[in-house]
2 protein chains.
Amino acid sequence: MHKGTTSLARQQQNLSPQQLIGELVERGELTDPGSPRGRLLNVAARQFEQKGFARTTVRDIATEVGILSGSIFHHFASKEQILCAVMREVTIFASARMHSAVQEAESPRDKLRACIQSELEAIHAQAVPGFSILVLEWRSLSKESRKEVLRLRDEYEHIWLGAIRAASCRGGDAALVRRLLVGALSHTYSWFKPRGKGLSIADLADRILLIFAP
Amino acid sequence: MHKGTTSLARQQQNLSPQQLIGELVERGELTDPGSPRGRLLNVAARQFEQKGFARTTVRDIATEVGILSGSIFHHFASKEQILCAVMREVTIFASARMHSAVQEAESPRDKLRACIQSELEAIHAQAVPGFSILVLEWRSLSKESRKEVLRLRDEYEHIWLGAIRAASCRGGDAALVRRLLVGALSHTYSWFKPRGKGLSIADLADRILLIFAP
DNA sequence: AACGCTACCAAGCAAGCGCTTGGTATTCAA
DNA sequence: TTGAATACCAAGCGCTTGCTTGGTAGCGTT
């Protein structure tokens with residue numbers, strides 16, 4: 001289902017998710033998922049996504065990792081710092097993923113499609129577990145932490161705005177379109193399930209592209 | 001700024017928010033905002049919207065109302081029942097508001113515009129304090145409470161789907177368009193501020209209409 | 001062999017949470 | 001004048017929460 005130029009190109013030259021993670025870890029931008037801290041972050045990301053930040057206790061996270069709750073604070077200063085770290089890593093990874101996806105697309109329209117599809121893949125945890133937290137749990141972050149994550153997110157949003165401007169997007173300024181897309185895409189988390197015989201993620205991306213850039 | 005047919009028609013024949021509430025209270029569908037229970041619901045709605053359900057304590061609500069925390073449970077069986085009641089009343093009120101707004105609009109396109117504008121007004125608390133909770137705090141609700149609210153929401157969504165189908169909307173089926181709009185509109189809560197010299201709510205509604213129904 | 005470092009355990013503290021209980025002041029109908 | 005209903009207070013219970021403290025096992029380096 002849906003064999004566009006994007007996915008073909010990705011299969012040909014792109015790194016696998018594993019390889020991309022490995023590269024980012026080597027550069028020191030991401031925590032090694034195999035390390036204790038990395039395992040902690042992955043578990044926290046999944047739990048925050050499922051139950052929300054407030055309804056997830058440090059004991060929940062510790063139990064799933066297989067340690068006691070107090071041991072968490074050997075790796076993080078506070079529960080909020082866990083959330084902040086998760087958001088930082090998610091942002092970095094999603095940014096790298098989207099960057100390479102956009103580069104492979106050729107036409108402006110395909111680049112925008114790549115953005116939409118990349119974010120959908122991130123949201124639906126095929127690719128970036130914990131991405132939806134960035135929107136859902138934004139209010140749970142302290143002011144300082146928000147600034148920190150926002151700075152990392154700059155690059156990500158910059159790619160988006162460029163793609164929106166280049167494609168012939170309806171509705172005036174790119175920032176508005178992007179903001180509407182943030183809401184529309186992140187909300188798919190609560191109704192769209194890619195498994196099954198319904199729409200695939202690529203199909204959904206096509207439909208959305210059709211609305212915003214006819 | 002923006003004097004379309006919709007707002008003019010509304011000024012001519014429509015009930016004021018106060019009158020609409022009064023009517024719904026008389027019919028027994030809404031709690032009287034002047035009653036102790038009503039005051040409690042209003043305060044809870046505002047606090048849930050601002051801080052989220054989990055970060056709002058019953059003591060916070062009680063303090064703002066001017067009673068002690070224990071006294072709340074004279075009116076509600078549990079904190080979750082407060083959230084459920086807030087969502088029920090918000091749904092009923094928003095539904096009634098949108099119903100009358102759509103009825104006054106004449107063309108299918110204006111009816112869809114009325115839906116968009118009505119929901120934006122609800123989200124930005126000019127009209128329906130607590131509306132954004134319906135999306136933001138949906139996960140905080142128990143399964144049974146969700147069913148209850150969903151049943152009330154049926155009418156609201158029915159109006160939406162009708163308006164989307166009638167207007168020449170891009171993007172295939174109405175349900176998909178509505179779901180994208182739910183996300184896009186509710187997310188405006190975190191970036192759009194109608195006060196100031198920027199876009200008004202009516203302006204924003206126009207822009208969004210232009211994207212989804214060109 | 002001694003050291004230091006990382007990763008963890010065991011135990012528990014202080015604070016805050018939702019909620020309960022028993023009682024009281026006011027109101028209003030019978 | 002009584003009785004019931006409403007709306008609330010005063011006090012606190014039991015539990016969960018994020019987090020702290022002091023100690024230890026394992027491991028690689030010198």
Side-chain angles (χ1 to χ4, degrees), chain A residues 25 28 30-87 89 133 137 139-145, chain B residues 25 28 30-87 89 133 137 139-145:
Chain A
V25 169
L30 238 56
T31 303
D32 179 10
S35 71
R37 184 188 153 99
R39 263 176 281 133
L40 223 35
L41 285 175
N42 271 329
V43 169
R46 252 212 337 279
Q47 297 217 22
F48 290 161
E49 196 163 51
Q50 277 175 15
K51 300 181 286 189
F53 178 72
R55 275 178 298 281
T56 302
T57 69
V58 293
R59 282 169 177 84
D60 291 338
I61 300 171
T63 299
E64 190 179 329
V65 173
I67 59 177
L68 291 187
S69 68
S71 306
I72 284 189
F73 299 92
H74 186 69
H75 302 277
F76 297 95
S78 67
K79 186 189 169 190
E80 198 247 339
Q81 280 298 307
I82 305 178
L83 179 63
C84 182
V86 166
M87 286 192 175
E89 307 239 340
I133 305 173
E137 297 298 336
R139 292 191 301 176
S140 303
L141 222 55
S142 70
K143 272 195 179 179
E144 304 87 53
S145 299
Chain B
V25 169
L30 238 56
T31 305
D32 179 9
S35 71
R37 185 189 152 100
R39 264 177 280 136
L40 222 36
L41 284 174
N42 271 328
V43 168
R46 252 210 339 277
Q47 297 217 22
F48 289 161
E49 196 162 54
Q50 278 174 14
K51 301 181 285 189
F53 178 70
R55 276 178 297 279
T56 303
T57 70
V58 293
R59 282 171 177 82
D60 290 337
I61 300 171
T63 300
E64 191 180 327
V65 173
I67 59 177
L68 292 186
S69 68
S71 306
I72 284 189
F73 298 93
H74 186 69
H75 301 278
F76 298 96
S78 69
K79 187 189 169 191
E80 198 247 339
Q81 279 299 306
I82 304 179
L83 179 64
C84 182
V86 166
M87 287 193 176
E89 307 239 339
I133 306 174
E137 297 298 336
R139 291 190 303 177
S140 303
L141 223 54
S142 70
K143 272 196 179 177
E144 303 87 51
S145 298

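- Distance CE/M87(B) to CZ/F48(B): 9.0 Å, rounded to 0.5 Å.
- Among the heavy atoms of the strands, none lies under 4.0 Å from S35(A).
- Side-chain atoms of R59(A) and base atoms of dG18(D) include a donor and an acceptor less than 3.5 Å apart.
- Across all non-hydrogen atoms, the minimal contact from A54(B) to A54(A) is CB-CB, 3.3 Å.
- The distance between atom CZ of F76(A) and atom P of dC8(C), rounded to the nearest whole Å, is 12 Å.
- Remark: S71(A) is not in phosphate contact with dA7(C), judged by side-chain N or O atoms under 4.0 Å from OP1 or OP2.
- Remark: H75(A) is in phosphate contact with dC8(C), judged by side-chain N or O atoms under 4.0 Å from OP1 or OP2.
- In this structure, the separation between CD on E64(A) and CG on N42(A) is 10.0 Å, given to the nearest 0.5 Å.
- Of the candidates dC8(C), dG18(C), dT6(D), the closest approach to any side-chain atom of H74(B) belongs to dT6(D).
- Atom CG of D60(A) is separated from atom C1' of dG18(D) by 13 Å (rounded to the nearest Å).
- One atom, CZ of R55(A), and another, C1' of dG18(D), lie 17 Å apart when rounded to the nearest Å.
- Among the protein residues, S78(A) comes within range of the sugar-phosphate backbone only, with heavy atoms under 4.0 Å from sugar or phosphate atoms but none that close to a base.
- We find that CZ of F73(B) is positioned 19 Å from C1' of dG23(C), with the value rounded to whole Å.
- Between I61(A) atom CD1 and dT16(D) atom P there is a gap of 18 Å when expressed in whole angstrom units.
- The S69(B) side chain lies nearest to dC19(C) when the options are dC19(C), dC8(D), dT17(D).
- Checked for salt-bridge contact, R139(B) and E137(A) meet the test: a charged N lies under 4.0 Å from a carboxylate O.
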